[in-house]
**Student:** 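Pasting a structure below so you can have a look.
These numbers were taken from a predicted model, which means no experiment stands behind them. Within every chain, numbering begins at 1; the chains are lettered A, B, ... in the order of the sequence lines, protein sequences first and strands thereafter.
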Amino acid sequence: MSALLTVEDLRVRFPTRTGVFEAVRGVSFTLGRERLGIVGESGSGKSQTGRAIMGLTPPHAEVTAKRLAFEGIDLLSASPKLRRDLRGKRIAMILQDPKYSLNPVMSIGRQIVETLRRHEKVGRAEARERALDMLAAVQIRDASRVFDLYPHEVSGGMGQRAMIAMMLVAGPELLIADEPTSALDVTVQLEVLAILDKLVEERGMGLIFVSHDLRLVSSFCDRVLVMYAGRIVEEIAASELGNAKHPYTRGLLNCMPVIGADRHPLPVLDRKPEWAL
Amino acid sequence: ETPKDTLVEGFAFDDIITMDPGEAFELSTAEMTSNTYSLLVRLDLNDTSKVVGDLAESWTVSDDGLTYTFKLKSGMKFASGNPITAEDVAYSFERAVKLDKSPAFILTQFGLTGDNVTEKAKAADAETFVFTVDQPYAPSFVLNCLTATVASVVDKKLVLEHVKSVTPSDEYKYDNDFGNEWLKTGYAGSGPFKLREWRANEVVVLERNENFYGEPAKLARVIYRHMKESSGQRLALEAGDIDVARNLEPGDYEAVGKNADLATASAPKGTVYYISLNQKNETLAKPEVQQAFKYLVDYDAIGATLIKGIGEIHQSFLPKGVLGALNENPYTFDVAKAKELLAKAGYPDGFTVTMDVRNTQPVTGVAESFQQTLAQAGVKLEIIPGDGKQTLTKYRARNHDMYIGQWGMDYFDPHSNADTFTNNPDNSDEGTNKTLAWRNAWDVPELSKKTKDALLERDSAKRADIYKELQKTVLENSPFVFIFQQTEVAGLRGNLQGFKLGPSFDTNYVWNVSKE
Amino acid sequence: MSLATETRPTTRREWLLSDRPQSRTQARLGRAYMTWRRFSANRLAVLGLCILLALVFVAIFADALAPHSPVIGNLAGARLLPPGSEGYLLGTDDQGRDILSRLIHGSRLTLLVVLLVAIIAAPVGLIVGAVAGYAGGWVDAVLMRITDIFLAFPKLVLALAFVAALGPGIENAVIAIAITSWPPYARIARAETLTVRNSDYIAAVRLMGASPLRIVFRHVMPMCMSSLIVRVTLDMAGIILTAAGLGFLGLGAQPPLPEWGAMIASGRRFILDQWWVATMPGIAILIVSLGFNLLGDGLRDALDPRESGQ
Amino acid sequence: MSGRRRARSRKAFVAVLQFLVVVATTYLGLLAVTFFIGRVIPIDPVLAVLGDRAPNHVVERTREAMGLNLPLYQQFFIYCRQAFTGDFGTSVLTTNPVMADIRRVFPATMELATLGTLIGAFIGVPLGVLAAVKRGSIADQVVRVIGLVGYSVPIFWLALLALLVFYARLQWVAYPGRIDIVYEYSFTPVTGFYLLDSAWQGQWDVFRDVFRHIILPASLLGYFSLAYISRMTRSFMLNELQQEYIVAARAKGLSEARIIWTHALRNAAVPLVTVIALSYAGLLEGSVLTETVFAWPGLGLYITNSLQNADMNAVLGGTIIIGSVFIAINLLSDLLYRTLDPRTRAR
Amino acid sequence: MTEAVSVENLSVVFDEFKALDAVSVDVAKGESFGLVGESGSGKSTLLRAVAGLTAASEGTIRVSGREVRGTRRDKAFYRAVQMVFQDPYGSLHPRQTVDRQLMEPLAIHGIGDGERRILKALDEVGLGSSFRFRYPHQLSGGQRQRIAIARALILEPSILLLDEPTSALDASVQAEVLNLLEEVRRDRGLTFIMVSHDLGVVTHMCERLAVMQNGRVVERLSSADLVAGRIAEEYTRNLMVASKGFRREAVAQSA
Ligand SMILES: Nc1ncnc2c1ncn2[C@@H]1O[C@H](COP(=O)(O)OP(=O)(O)OP(=O)(O)O)[C@@H](O)[C@H]1O
Ligand SMILES: Nc1ncnc2c1ncn2[C@@H]1O[C@H](COP(=O)(O)OP(=O)(O)OP(=O)(O)O)[C@@H](O)[C@H]1O
Ligand SMILES: [Mg+2]
Ligand SMILES: [Mg+2]
């Protein structure tokens, strides 16, 4: 399997008043046309990893890597123009929270069309057609109505799907989905996952699925990276999750209440300082 | 550059509230009225103790001194084209008296009332106007009063076309307004210029009256542009956007004088600036205090700085140029003397007192200077600044301690000032005659009587003497500290000819002005 | 899990910056210190603060600093001298008074005006706005109507009218300016209140059984404070200018008080030839209001809840 | 369905009613405050009618004729009745009906304020955007200082200096007033907005002259509002640029320019509209001081003048106009807010 | 048996939108009762109506047998009923130290002995006194939620309303908070009404639960029934399926 994305020793540093804070500390992995899950607790650097790949790290932060390549293009040395051209067209990212990630004063349709017209020379009418198709593809029933709605007029689930549509409309080869379902109801969550799943299956897209829900990731992805304090502490095939070695991974798996299991009190995670080393 | 046939003056005329000569009593209006309306007689600019005929060809005074008969020139027309007759004169008097607005007293003091005015001021024939007074006044007094703008002659026929009917009431017994409402902004005169338009605080436009009976005005148009700031006027004058700057302050006036492109004009005016002491205040009622204050004005410094060019030190109440004016300035700045007087009055350490000051120059500057010089004698002066109307309201209600003000003559006769400064027939709070003496609660029965007597002295020289005496008394002993007499100044473009300021506000004629 | 590579701080700093304060004082000081650090990192803001400290210093020691009397001049001998004349660094005015000395003494008036206005207007606005916003309903309607009326009223007219009614004098000018400047504060406070009013922490306090008054005063108002403080410091410049405007129109401080606006007003007559008479106080006002503005800007950044909430 | 529509129309009706109540109470409040001011200022209103030099008996007579001897509540009642019939009486200062005066002075102020705000907005907004985008850079500091100075300088002082430089020395602009005296009678304004009128009538020389007159005071007011507008723009833009949707826009590969001008500014425009509207309303109140310096026959000067003469009819008229403008601008900015921000739009 | 909380036919209307539609719920003393349902189904609204933070338009609410009306409650009520909110970042006053926030209820109810009680409360929720003078922004989400719980407990209430107390927290932290809640309930014999959208959490914590949808209670059942699949309503079953994670087959079926 040819690697779509190669990440080697990725680091993201934030200068702060109390010194330099390293949010991502040497993350390495490769990605083919598969579903890769990244899990970890809040603040473990999942989003920052995704953003570094996109080139969306805040300007004052510093991103370094031994190698950060997408289909042979070295992303770190690429010109800003080239990176802009890649973004949205070949690499796309679904942001964490649809409520804040959609421009509140632009209709959903316009935001989708905007992506399309940025990357392809298409006429207004055609762009609209394709945006409507995309909305339908993400299981939005009344696409032409939703097209003209504003973000505040749709539910969280619909907003998330609109976001997906916006990012997929230009047909990216790599999709980074940053907790695409955390804002959603359990029932809606599954629908969204199904859409992503279909894309990987049918289009051969590479997917990085970021989440803190280990159970969800394990049931959805092919491979899972477990992050802790900016590092990958364990990489494991999803099916092998039950045999995870790292105590952090095991702890995470363990501490969730399970329907039908009677565990009082719940086992809690006993964080060891050496994990962060 | 202003047009060749137009005179543009920068002029602060925010006091204008009406253009009706029977009603207007403001200084700025006086200039407009005197250029646009005719009078029976006008002040003789060559000798301001005399008058010359305007509409009147000649006049006679009966031996008993009660009847004045005016013979009008013939063939004169109003700007409207209507002929000017004695009927118009009589009507003008009638409407002024019946309207009874601010300036009406100038006529009614001769015994005219709404009931008798048609008898006492009437047309004997088309060219003869007869005016009967109630006492044998000095003819100079009567004639001087007739030079006031309230005696301007209006076009009866034209006015009657614009009268508005009103319901008579207790305050106003007549069934029409004698065209007052229309004349506030309208025009019905016969002067060298006609009033084309007045927009409050913006512009007054005069245009040449082609029907004028005398020598026609040289320029086709005169525009007064309201500009409040001296510096603004000067800038506009220097740039040539106005031809005349009328409200220059000393510094700007001096600078204009130095500019080769510009010229200046000046004339002493019948306005005196004074500080008055309310006699209701026991401290200020003491003669020594009053005198001490007269020693505590730094006349020389003020004369050389604050009012340089725009005023002249003058310590008596009759301005120079008026019959009987006293030209003595005995007081000088003398702290030691003042302290001595204060000690005698029982205030060796001074006292605290307030003064209401309107926030315009030069009074504020003078007040501040006075404040500093008073302090040298231990008197603490608190200045209460206020807008004009505000300080005046307080002054009129006799609620002040001290007041710094100016007094411009109501008409060009010594009685105008004598009456206000030395006549106080009833010092009660109600008062019958609220003169300045009354406002300062200065109760002086003898002086009041003397003032009255002067009116009936028909010999001008003797009359002048009485006024001199009055002035001396006031100079020595009165709650009035006279400081200076105003000099009106103007900055002119160099190409202006014939611009002259008169001795009073109703003699600033513009019809002789021309441009090169 | 945060891994900060950090140079070893001095102990006092460490104490102040401690994540785990041991006492109320330490917590409060720590917070103040953090704010101060954010503030002092902003050079312009520090400049603003320095200007104001200098102003306070000058005001306190005016008597010692001023070379001449601010009120007694030499009309005959030293009138309208240009800057740099002997003994008169900034020249003299039309009464022959030393402009520098007048500026120095005038700083007291300026301080007095801004402090009094801030003390009157800000709390009035804060209370009105917070009460209106929290109470809602007709209380809100009535209070905001009154606020709107005052907002809709031409400001300078209102101030002029009040000065006229109360009589001139610096105190009355202060009251007049305060009366015209509280409505915007009320609006800010109300807007802020509306955002916190439905928050969970206010609900929590309500659930404790706190009375509405207690909630407004102890819980809501502190939330409005920082935006209000910022706004007030920014408005200080405007207040000085309004006071100057009143002085310019001849109302405000009584002569011969060296109020800066009145100084400009009386100096403007000489602007063409003796430029310094009006320019010096103009520059003084400019510098001080610049100081307040810089301070306000700095405070805005320093008190920004987004940053302190990290 | 029809029930829904009825509910909606009832809601609209309530909204209109509420608006009317707001307007009415605001007017009543303005009326009461003005009346109150008229009674408390220690200026005898009779003096305004008669001038400074009126003799005593005339003053007394006039006082009675003006009803000033009536009890206060009666005076207030008469006053309200008059005002509510839309009759603000005549101004004693100008002898014109107050409404006629306002029709004259208000356009002067409005023209000045409009031009000032346009200048302020067209320069201030881009400056603010620039400062926000280049936060912390030299450009940011420069914009900040320009703004701060504009905010801190006494405007009348700056006006005098500007007059000195641009009129007296450089002769670039014209002074005083709104139009040169030469055109006083060759040009008849229709709306009172001289720029519009002269352009409409094709009198381009007049237009040039009017422009030369208005540009300096308008620039000064513009500078003043620029200071405020650029500063608010900066802070709104900073706020928007931190938002997550900006990251999303970047993720789509949009160019920075498009992100700034279409996405961020479009959102910042929502609160900015209110800021600009309020600053406009502030200028419309009439900048008395600027009007004084430039001899500009505007509303601010008119009201101040009237107030100082206790010409309360005129003060009331002016106040009501300003109140109306305030209400109108508030309403307008509300509407604009609504069109700009779909969140506040009813579905 | 007197119910700790009894709600009958409760309706809450916001601008013509029925957030609660004739909901009836009875919670016995000492019981732990769960409310589940999708977002917007009215779970929080129900709790807020009981607490008096939202006015009910119809129906009755009884707390410990006494009826309460409107949004007014007496002091006794506040001492008996307390609430923990969903968002740990929004439920603490950002400008007050932990100390002050814990002090506030004591001050309001005029309870002395603040020092000791605060230390005890902090101790109870597993935070040392070193946290006492911190500001909320100096705390992690889990710590904040503990403080919120400490604040609710400091008045020693008998009924605790829990509005998704862990949904904003990490799974690992969630476990700690849930353990803490269980512990205090056991120690003090509290009555819980707990809202969650996570069936796992609810079955773990509660004996009985109600499933809500669109402002109505669609089903009431015990945790045991749920676990055993004794479910009557289709909607509840969907919830149940969804909470078991992603299953390609399941999705394929439903699609
Ligand atoms: N702009 C920034 N400046 C400083 N630190 C930052 C910044 N953005 C993020 N961080 C820090 O980087 C770390 C990693 O953040 P990241 O957003 O990747 O976490 P995450 O794993 O996505 O967590 P979550 O599940 O809460 O989204 C966090 O500790 C965060 O505080
Ligand atoms: N103050 C309010 N005004 C108007 N509508 C409201 C208000 N509060 C809640 N609602 C609406 O009532 C409905 C129920 O809200 P509620 O917060 O009770 O839901 P929930 O079940 O707690 O959802 P979540 O799981 O998202 O917290 C929602 O549709 C919500 O939009
Ligand atoms: Mg994240
Ligand atoms: Mg909820």
**Student:** If you count heavy-atom pairs under 4.5 Å with chain D, which of A/S101, A/G55, A/P80 comes out on top?
**Tutor:**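 Looking at each option in turn, the highest pair count goes to A/S101.
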**Student:** Taking every non-hydrogen pair under 4.5 Å, which of A/K81, A/M166, A/M163 racks up the most with chain D?
**Tutor:** A/M166
**Student:** In Å and rounded to the nearest 0.5 Å, what is the CD1 to CZ distance from D/I259 to A/R84?
**Tutor:** 8.0 Å
**Student:** Please report the closest heavy-atom contact between D/A251 and A/M167, naming both atoms and the distance.
**Tutor:** CB-CE, 3.8 Å
**Student:** Count the heavy atoms of every other residue, nucleotide or ligand shown that sit under 6.0 Å from CH2 of D/W261, and state whether that count exceeds 12.
**Tutor:**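 Counting neighbours around CH2 of D/W261, more than 12 heavy atoms of other residues, nucleotides or ligands fall under 6.0 Å, so yes.
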**Student:** Is there a side chain to side chain contact (heavy atoms under 4.5 Å, CB included) between D/T262 and A/M106? Walk through the geometry before answering.
**Tutor:** CA-CA 10 Å; D/T262 334; A/M106 245 191 216; 4.2 Å; yes
**Student:** Among A/H119, A/R83, A/K89, single out the residue with the greatest number of heavy-atom pairs under 4.5 Å to chain D.
**Tutor:** A/H119
**Student:** Examine whether an atom of A/R51 lies under 4.5 Å from a heavy atom of chain D, and if so say whether it belongs to the side chain, the backbone or both; otherwise answer neither.
**Tutor:** side chain
**Student:** May I ask you to check whether over 12 heavy atoms, not counting those of D/I138, lie within 6.0 Å of atom CD1?
**Tutor:** no
**Student:** Give a yes or no on this: more than 12 heavy atoms of other residues, nucleotides or ligands lie within 6.0 Å of atom CZ of A/R110.
**Tutor:**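 Result for CZ/A/R110: open.
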**Student:** Select one option (side chain, backbone, both, neither) describing which atoms of A/L102 are under 4.5 Å from chain D's heavy atoms.
**Tutor:**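 Just its backbone gets close to chain D.
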**Student:** Do D/R250 and A/M54 have side-chain heavy atoms sitting under 4.5 Å apart?
**Tutor:** no
**Student:** Which answer fits A/N103, side chain, backbone, both or neither, if we ask what part of it has an atom under 4.5 Å from a heavy atom of chain D?
**Tutor:** both
**Student:** Decide if atom CZ of A/F29 counts as having more than 12 heavy atoms of other residues, nucleotides or ligands within a radius under 6.0 Å.
**Tutor:** yes
**Student:** Above 12 or not: heavy atoms from other molecules or residues under 6.0 Å from CZ of D/F224?
**Tutor:**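 No - once you tally the heavy atoms of other residues, nucleotides and ligands closer than 6.0 Å, there are 12 at most.
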**Student:** Give me the atom names and distance for the closest heavy-atom approach of D/L340 to A/V105.
**Tutor:**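 D/L340 and A/V105 have their closest heavy atoms at O-CG1, 3.6 Å.
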**Student:** Return the set of residues passing ring-ring contact (aromatic ring centres under 6.0 Å, His included) with D/F106 (not counting sequence neighbours), or none when no residue passes.
**Tutor:**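 Checked D/F106 against ring-ring contact (aromatic ring centres under 6.0 Å, His included); zero matches.
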**Student:** Hey, are the side chains of A/Q111 and D/K252 touching, using non-hydrogen atoms and a 4.5 Å cut-off?
**Tutor:**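 They are in contact (side-chain heavy atoms under 4.5 Å apart), so the answer is yes.
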**Student:** With heavy-atom distances below 4.5 Å as the criterion, would you say the side chains of A/R118 and D/R258 are in contact?
**Tutor:** no
